[in-house]
Structures are given as structure tokens and as C-alpha cells.
Amino acid sequence: MSEDKEFQTVLQMIVSRLAQMIAEKMNISDKDALSLLNSSKLYEKLEQEETKVWHFGILFSFC
């Protein structure tokens with residue numbers, strides 16, 4: 001598996017879990033939470049592999 005594909009897989013797992021956490025915390029739908037996350041500065045940094053923000057983990061990113 002290429003590094004880019006590995007990163008995309010990890011990113012999908014992180015985004016999925018973060019969206020679930022946002023939905024639970026804010027009492028909104030998963031779809032709304034995902035939309036909120038996708039429009040955030042956090043997501044902007046997460047999707048850039050070179051920032052290494054995804055290394056911090058889900059809970060750190062959520063705080």
C-alpha cells in the first residue's frame with residue numbers, strides 16, 4: 001500500500017471517530033457533525049499529511 005493510501009485510510013478513521021464524538025457532544029446528527037468537521041480549520045490541517053496533526057490522535061484533536 002502506498003504512503004498516500006495509508007494516510008487516506010488513517011484520515012478516514014480519524015474523521016469518522018471525530019465526527020461521532022462531535023455528534024455525541026453537540027447532540028447533532030452524524031451527517032451534521034461530519035459537515036461541521038469538514039468545514040473546520042482542524043480538518044484543513046488534518047487532511048494535509050505534512051502537518052502531522054493526525055499524529056496527535058483523536059482525543060487530542062477533539063479537545
Q.
Which residues pass the side-chain contact (heavy atoms from CB on, under 4.5 Å) test with S40, not counting sequence neighbours?
A.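 In terms of side-chain contact (heavy atoms from CB on, under 4.5 Å), with neighbours along the sequence ignored, S40 is linked to L37, L42, Y43.
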Q. Looking only at heavy atoms, what is the nearest atom pair of A33 and A23, with distance?
A.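 Heavy atoms only, the tightest pair is CB-N, 3.6 Å.
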Q: Taking side-chain hydrogen bond (donor to acceptor under 3.5 Å, both in side chains) as the test, write out the residues that go with D30, two or more places apart.
A: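 None.
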(Q) So does M13 get a backbone contact from the side chain of S16, meaning a donor-acceptor N/O pair under 3.5 Å? (A)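 No, because the side chain of S16 does not come within donor-acceptor range (under 3.5 Å) of the backbone of M13.
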Q | Main-chain N/O of K31 paired with S35 side-chain donor or acceptor, under 3.5 Å | A |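 Pair absent, no side-chain N/O of S35 close to backbone of K31.
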(Q) L46 vs L18, test: side-chain contact (heavy atoms from CB on, under 4.5 Å). Steps then yes/no. (A) CA-CA 11 Å; L46 277 171; L18 278 172; 3.8 Å; yes
**Q.** pair D32-I22: side-chain heavy atoms closer than 4.5 Å
**A.**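 The answer is no, as the side chains (C-beta and beyond) never meet within the 4.5 Å cut-off.
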Q: For the pair V15 and E47, evaluate side-chain contact (heavy atoms from CB on, under 4.5 Å) and give the outcome as yes or no after the intermediate values.
A: CA-CA 10 Å; V15 167; E47 70 179 346; over 6 Å; no
Can you give each donor-acceptor pair under 3.5 Å made by side-chain atoms of residues 5-12, sequence neighbours left out, with the distance rounded to 0.1 Å?
unit_1: T9; atom_1: OG1; unit_2: K5; atom_2: O; d: 2.9

